[in-house]
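What follows is a single structure, written as structure tokens, with notes after it.
Sequential numbering from 1 along the given sequence is applied to the chain's residues.
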Amino acid sequence: MKKTRILAVLAAMTMGLAVFGCKAETETEYVDKVYAEAVTFTAEDAGDAGVKVAMATKTEGAAIYYTVDKSSESLKYSVPLTFSKDTEIKAFAVKKGIENSPISVAKVSIKTKTITEKVYVCAKCQKEYKTAQEAIDCCAETLDTTAPADVTELVAAAKDSSVVLTWKDATDEDIFGYLVSWKAESQGRALVALEKDSLIAAKGQQGCVVTGLTNGTKYTFTVKAMDTSGNTSGGVTVKATPVAVDSKEPLKIDLSVPPEKSNTAITITANITTAAQSVDRVVYKKDGTEVASKLLADSSAIPAEKDNTDNKRWTFKITATDETANGNYTVAALDSDGREEAAQITIDNFDFTPPAKVKGVTATYSSELKVIILNWKKPVDSDFDHVEIVYTTNDGKVDSVKSDVIAESSENKTFSDIDGTKAYYTYYIASVDKLGNTSKEVKYRVSVNKTVSNVPEGFVEIPSASIAGTESWTPSSSVFVSGRKLEIASFYMSDHPVTRGEYKTLMGKDPSYASAYDKDGNKLTGDDAVKNNPVNNISWYDALVYCNTLSIKEKLTPCYAISGSTNPDDWGSVPTNNNSTWNAATCDFTADGYRLPTEAEWEWAARGGENYTYAGSDDIDEVAWYYENTNNTGTRDVKTKKANAYGLYDMSGNVWEWCWDWYDSISGDTASTGPASGSIRCRRGGSWHYDASFAQVAIRNYFIPYDRNCFYGFRLVRNAN
């Protein structure tokens, strides 16, 4: 038996000492507190049956109580247990007159047929230790000899060969569990806690089921509260007599669910058939046990409501905030003759899935009629009901507050009294299904006053295009191939690749390691000197983080989502190896935030509506920094070469620019955003480290998305509508 010395402070200060300023003496008492020895485990190979585990304690006369896995009821150990699956066992020793042992925890491995891990747990605070003595010492700084309060409202419900006990827990904060004992009336005396007919129920369970009883025999049940120091309450008793139930007259539960879908609540009806006069109790629980007696004793099971006109008809209402409310529900019933039964039902009525977004949004503005006609295509969802539209106006500087919601069930809406002095109107269109679930908004901007520029600073507007892929492209294209129908909406593209200064201002660091030079070949050092050089050493993953971070900063809707989140703070560290989660990133091309261009957008912009080999010229030295004119030394300040016809600089040379698309061969049926999957991402434009052939507007290239190098950079785009 373990002994721990406990220091009890019995300080006494008298008024006389206080008045005369004398120092009070502190009187101390040392008490030896004796604990039962911790439970030990031994494992034995039981062949096909699994693993046989025996438990023991060195404390003579102590009883062992145990639980397996997440069971909340501690059973009394008598013979070795056999396990057929990996199991966690918790056990402790109890002996009247001394303290309970700490809790021993063992994990049984079926694969190795051994105990793979052993720890000891302080019963009071649940901290784990490698030795039993450490667990004993954990919360032994004060001596607690005060018995806890008793349970209240103890009730016994007689069943067939069993009794269900329910109570309200004692209010003490340090309750460990409840010692339940019982005796048959013919025995003449109550059993003490450590005799055969006893168990320990966990705190919070507020009840237990006592099985293996003899029908027709009256039993007295005693429940004592036990605290973490081993103190027990005086106990509360109740009597009950198990009753045999005629098996020929079973209790039956018929469950019915309404057919309608819901995103609020549904009511389940339980019609119960029984020979008894009445049904006394019905409870339900999601993923509850199908053992009726255990579910009826489960304090977390929810009582159903009895029908006022029919006591064998019960209902329960399930409310939901998301689709996790769907699933298996178990219902248990108890009739007045002691019969009990459980039934299970699967519920899939809850629907919180929003409909798809509208597609194909277009608009026509008439300055003469002062109207905007907005058109869209409904989603194909069978439960689609209508769209909801709100809009803002912009005077060239700020957006107005959003309008009231406008509901429309058709595929167009005419807005009148358009203010032609505004720069643009922005419409937000959301699909709504019959339950009221709402899709994400599709944002569409309609320019009204062309004299007010809508283009963000540092960007140029790239015109829309409808490309069938049958045109004769010069130079020839591997993207605009025959049969590939590309609808390129107008978009804004930064007139330069993201610079080192821009990147550091937003992200707080400059990852670049290429040497920086000005247009005359002078090497630059220091943050101010290199700030206009393109940022480099950027992976495709890094570019996604930058885009969403900038979108959030400017209160725009981020385009990229990883694992359902658009906040890069939720994404974790940027991977430096191939990462399936980051590779599965999605892009909302209707959002107004920053993103990478698709490969088709990049090439359309780089060509500039011209037929040049490079972006803006057939003479590469006019428009690009590349291997020969940099002498392979490093990057050059942006916008120091000639722009193309759209006003874009450095589309050829300086740094490679990441695109959104996976890299693969392009065919007539390839989507406008590129192949559906892959292992490498597109990059375009060449760099200072590559020769002239790579800087051509038609040349495609690729690399692994996690790779960083001193000649990789990127450029931003945004939707113009």
- Item | Check: Q206 side chain, D169 main-chain N or O, donor-acceptor pair, under 3.5 Å | yes

- Message: Which residues pass the side chain to side chain donor-acceptor pair (under 3.5 Å) test with E60, not counting sequence neighbours?
- Response: none

- Taking the side chain from D335 and the backbone from G338, do they hold a donor-acceptor pair closer than 3.5 Å? yes

- Check: D172 side chain, A149 main-chain N or O, donor-acceptor pair, under 3.5 Å: yes

- Task: Look at the side chain of D381 and the backbone N and O of F384, then say whether any donor-acceptor pair between them is shorter than 3.5 Å.
- Result: no

- Contact check, side chains of V257 and Y329, non-hydrogen atoms, under 4.5 Å: no

- In Å, rounded to the nearest 0.5 Å, how long is the span from CZ of R339 to CG of L251? 7.5 Å

- Task: State, with a plain yes or no, whether a side-chain heavy atom of N437 is found less than 4.5 Å away from one of D351.
- Result: yes

- V331 side chain reached by L255 side chain, heavy atoms, under 4.5 Å: yes

- Nearest heavy-atom neighbours spanning T241 and G216: CG2-C, 3.5 Å

- Query: Without hydrogens or angle criteria, can the side chains of T217 and T214 be said to hold a donor-acceptor pair below 3.5 Å?
  - Reply: no

- Item | Pairs meeting criterion salt bridge (charged side-chain N to carboxylate O under 4.0 Å, His left out) with involvement of residues 254-273, two or more places apart | none

- Message: Quick one about N583 and Y541 (side-chain donor to acceptor, distance below 3.5 Å, no hydrogens or angles considered), yes or no?
- Response: yes

- Does E173 have any salt bridge (Lys or Arg N to Asp or Glu O under 4.0 Å) partners at least two apart in sequence or in another chain, and if so, which? none

- Task: Measure the spacing between CD1 of I98 and NZ of K95 and express it to the nearest 0.5 Å.
- Result: 6.0 Å

- Y560 versus W582: any side-chain heavy-atom pair under 4.5 Å? no

- Query: Is there a side-chain contact between V210 and F221 (heavy atoms, below 4.5 Å)?
  - Reply: yes

- Query: Quick one: are I266 and I347 in side-chain contact, heavy atoms under 4.5 Å?
  - Reply: yes

- Query: For Q344, does the CD atom sit with more than 12 other heavy atoms under 6.0 Å from it, leaving out its own atoms?
  - Reply: yes

- When you look at I115 and V108, which way does the side-chain contact (heavy atoms from CB on, under 4.5 Å) test go after all the steps? CA-CA 5 Å; I115 302 293; V108 181; 3.8 Å; yes

- Is there a side-chain contact between I552 and P568 (heavy atoms, below 4.5 Å)? yes

- Item | CA sep, side-chain torsions, deciding dist, call: K312, T274, side-chain contact (heavy atoms from CB on, under 4.5 Å) | CA-CA 8 Å; K312 296 180 182 178; T274 177; 3.8 Å; yes

- Item | Test item: side-chain donor near acceptor, D569 and W571, under 3.5 Å | no

- Heavy atoms of P303 and V283 approach each other most closely as CA-CG1, 4.1 Å

- To the nearest 0.5 Å, how far apart are NZ in K52 and CG in L81? 10.0 Å

- Item | Donor-acceptor contact present, side-chain S104 to main-chain T40, <3.5 Å | no

- Query: If you draw a 6.0 Å radius around CD in Q277, do more than 12 non-hydrogen atoms from other residues or ligands fall strictly inside?
  - Reply: no

- Item | Derivation and outcome, side-chain contact (heavy atoms from CB on, under 4.5 Å), residues I89 and T67 | CA-CA 6 Å; I89 311 171; T67 63; over 6 Å; no

- Item | Gap between atom OH of Y35 and atom CD of Q133 - 0.5 Å precision | 9.0 Å

- Assess whether side chain to side chain donor-acceptor pair (under 3.5 Å) is satisfied between N349 and N326, documenting all intermediate values. CA-CA 7 Å; N349 297 58; N326 289 323; over 6 Å; no

- Message: For the OG1 atom of T166 and the CG atom of L154, what is their distance to the nearest 0.5 Å?
- Response: 7.0 Å

- Message: Looking at every heavy atom in both A147 and N231, which two are closest together, and how far apart are they?
- Response: CA-CB, 4.0 Å

- Task: Assign the ring pair Y66 / Y77 to parallel, tilted or perpendicular, where the plane angle (0 to 90°) is split at 30° and 60°.
- Result: perpendicular

- Task: Report the distance from atom CG of D86 to atom CG of D69, rounding to the nearest 0.5 Å.
- Result: 9.0 Å

- Message: Whether the S563 and S565 side chains hold a donor-acceptor pair (N or O, under 3.5 Å, no angle test) is what I'd like checked.
- Response: no

- Note on the structure: salt bridge (charged side-chain N to carboxylate O under 4.0 Å, His left out) pairs touching residues 273-288, sequence neighbours excluded, are K285-D298

List the atom pairs, with distances to 0.1 Å, where a side-chain N or O of residues 156-163 and a protein N or O form a donor-acceptor pair under 3.5 Å, not counting sequence neighbours.
from	atom 1	to	atom 2	distance (Å)
K159	NZ	E340	OE1	2.7
D160	OD1	N215	ND2	2.9
S161	OG	N215	ND2	3.4
S162	OG	D160	O	3.4

- Query: Take atom NZ in K107; do more than 12 heavy atoms of anything else shown fall under 6.0 Å from it?
  - Reply: no

- Taking the side chain from T269 and the backbone from T267, do they hold a donor-acceptor pair closer than 3.5 Å? no

- Message: For a 4.5 angstrom cut-off between non-hydrogen side-chain atoms, does L165 reach V180?
- Response: yes

- Could you verify whether a donor N or O on one side chain and an acceptor N or O on the other, from N548 and T566, lie under 3.5 Å apart? no

- Query: Closest approach of A132 and P102, non-hydrogen atoms and distance?
  - Reply: O-CG, 3.8 Å

- Task: Compare every heavy atom of A93 with every heavy atom of A62, then report the nearest pair and how far apart it is.
- Result: CB-CB, 4.3 Å

- Verify, without hydrogens or angle tests, whether N263 (side chain) and L435 (backbone) share a donor-acceptor contact under 3.5 angstrom. yes

- For T59 and A36, indicate whether the former's side chain and the latter's backbone hold a donor-acceptor pair under 3.5 Å. no

- Task: Check whether the side chains of E37 and S101 place a donor and an acceptor atom closer than 3.5 Å, and report yes or no.
- Result: no

Donor-acceptor pairs under 3.5 Å, side chain of residues 314-322 to any protein atom, not counting sequence neighbours: which ones?
from	atom 1	to	atom 2	distance (Å)
W314	NE1	N311	O	2.9
D322	OD1	T324	N	2.9
D322	OD1	T324	OG1	2.3

- Stepwise, does the side chain to side chain donor-acceptor pair (under 3.5 Å) test hold for T220 with K239? CA-CA 5 Å; T220 299; K239 297 180 183 292; 2.9 Å; yes

- Message: Using every non-hydrogen atom in the two residues, find where Y219 and P242 come nearest and quote the distance to one decimal.
- Response: CD1-CD, 3.8 Å

- Query: Would Y65 and L179 satisfy side-chain contact (heavy atoms from CB on, under 4.5 Å), going step by step from the backbone distance to the final call?
  - Reply: CA-CA 11 Å; Y65 288 88; L179 193 59; 4.1 Å; yes

